[in-house]
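For reference, the structure is listed below as structure tokens.
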Amino acid sequence: MNGDRLLVAVFASPVAQVLLRWGAELGFRTVLVDPGDTGVEVSADRRVRSFADLDGELAAGTADVVVTDHHRDELGEQLRDALARPSRWVGVMGNPRHEGPHVAALTALGVPPEEIARVHRPIGLDIGSRAPAEIAVSTLAGLLADRNGRTGGFAHAR
């Protein structure tokens with residue numbers, strides 16, 4: 001197992017529920033970062049209100065951060081804080097046909113364009129995901145492919 005890898009879901013959501021549950025099965029340590037109470041129950045090894053609560057755990061640069069709700073008011077602040085730490089990978093769910101709201105939110109907070117460009121969007125493998133479980137499996141498959149140095153497609157290296 002890869003217990004050194006940390007999977008951080010930002011915002012309690014139906015996607016975060018599945019993402020963290022299956023992430024634990026895949027050997028990730030799991031954390032939910034949510035500054036408020038959404039009423040959505042999400043199981044994780046740890047639940048914190050901000051990235052400042054994770055500074056010691058993020059120091060190794062092994063965290064994969066997945067923002068599971070791009071409509072929250074705190075989107076910009078949470079992403080800014082994730083980017084300011086040595087997170088290995090940062091991604092935001094969203095439709096690739098539209099510019100993500102994270103761009104304007106981060107720009108308004110003064111985050112430089114090269115830091116904004118570190119945010120992956122869309123996330124996961126392109127399998128046409130719509131339901132929370134589909135989005136979670138697509139995201140986890142993409143993270144596993146990346147972790148294992150693979151592209152994540154059907155073409156296999158020989």
Side-chain angles (χ1 to χ4, degrees), residues 1-59 62-111 115-116 118-144 146-147:
M1 291 291 203
N2 292 290
D4 62 323
R5 291 297 284 273
L6 182 64
L7 178 59
V8 180
V10 180
F11 303 131
S13 71
V15 172
Q17 286 177 320
V18 181
L19 185 75
L20 294 176
R21 184 174 72 236
W22 289 349
E25 292 290 325
L26 293 168
F28 288 90
R29 290 178 296 122
T30 59
V31 173
L32 174 69
V33 175
D34 198 321
D37 184 14
T38 62
V40 177
E41 274 304 311
V42 176
S43 178
D45 294 330
R46 242 178 115 198
R47 183 180 186 135
V48 298
R49 296 184 77 74
S50 74
F51 276 91
D53 298 324
L54 295 175
D55 279 344
E57 291 175 72
L58 296 176
T62 59
D64 295 324
V65 177
V66 180
V67 177
T68 66
D69 185 342
H70 57 270
H71 297 295
R72 292 275 297 264
D73 292 339
E74 308 96 328
L75 174 66
E77 290 88 2
Q78 293 297 326
L79 273 173
R80 176 199 60 205
D81 294 349
L83 290 168
R85 287 164 174 81
S87 302
R88 191 193 70 76
W89 187 94
V90 178
V92 177
M93 286 178 25
N95 186 330
R97 293 186 298 271
H98 308 287
E99 180 176 80
H102 70 285
V103 174
L106 289 171
T107 300
L109 291 170
V111 176
E115 284 296 299
I116 296 171
R118 289 183 46 214
V119 178
H120 296 267
R121 186 174 173 279
I123 58 174
L125 301 184
D126 182 6
I127 60 172
S129 303
R130 300 234 185 281
E134 294 173 338
I135 295 166
V137 76
S138 165
T139 302
L140 286 165
L143 291 173
L144 289 172
D146 183 70
R147 177 173 78 185

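Along the sequence shown, the residues carry numbers beginning at 1.
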Let me know which of R147, R88, R29 forms a salt bridge (charged side-chain N to carboxylate O under 4.0 Å, His left out) with D64. R88

Donor-acceptor pair, [X] side chain versus [Y] backbone, under 3.5 Å?
X: T139; Y: I135; answer: yes
X: S129; Y: E134; answer: yes
X: S87; Y: A82; answer: yes
X: T68; Y: V15; answer: no
X: T107; Y: V103; answer: yes

Atom pair [atom1] ([X]) and [atom2] ([Y]), whose distance is rounded to the nearest 0.5 Å:
X: L7; Y: W89; atom1: CG; atom2: CH2; value: 9.5 Å
X: L143; Y: L19; atom1: CG; atom2: CG; value: 7.5 Å
X: L79; Y: F51; atom1: CG; atom2: CZ; value: 7.5 Å
X: E74; Y: R80; atom1: CD; atom2: CZ; value: 12.0 Å
X: L75; Y: F11; atom1: CG; atom2: CZ; value: 6.0 Å

Write down the atom of [X], the atom of [Y], and the distance for their closest heavy-atom approach.
X: Q78; Y: P35; answer: NE2-CG, 3.7 Å
X: L125; Y: A141; answer: CD1-CB, 3.5 Å
X: R5; Y: T62; answer: NE-O, 3.5 Å

Please test D34 against R72 for side-chain contact (heavy atoms from CB on, under 4.5 Å), starting from the C-alpha separation and ending with a verdict. CA-CA 10 Å; D34 198 321; R72 292 275 297 264; 2.9 Å; yes

Do the non-hydrogen side-chain atoms of [X] and [Y] ever get within less than 4.5 Å of each other?
X: H102; Y: H70; result: no
X: V42; Y: L20; result: yes
X: S13; Y: V40; result: no
X: I123; Y: M93; result: yes
X: V66; Y: V8; result: no
X: L26; Y: L140; result: yes
X: V137; Y: I127; result: yes

Return yes when atom CG of N95 has more than 12 non-hydrogen atoms of other residues, nucleotides or ligands closer than 6.0 Å, and no otherwise. yes

Step through the shown structure and confirm whether more than 12 heavy atoms of other residues, nucleotides or ligands are within 6.0 Å of CG on D55. yes

Test salt bridge (charged side-chain N to carboxylate O under 4.0 Å, His left out) applied to R47 and D53, step by step: CA-CA 9 Å; R47 183 180 186 135; D53 298 324; over 6 Å; no

Could you go step by step and tell me if V119 and L106 meet the side-chain contact (heavy atoms from CB on, under 4.5 Å) rule? CA-CA 11 Å; V119 178; L106 289 171; 4.3 Å; yes

Output, in order, the C-alpha distance, side-chain angles, deciding distance and verdict of salt bridge (charged side-chain N to carboxylate O under 4.0 Å, His left out) for R118 and E115. CA-CA 5 Å; R118 289 183 46 214; E115 284 296 299; 2.8 Å; yes

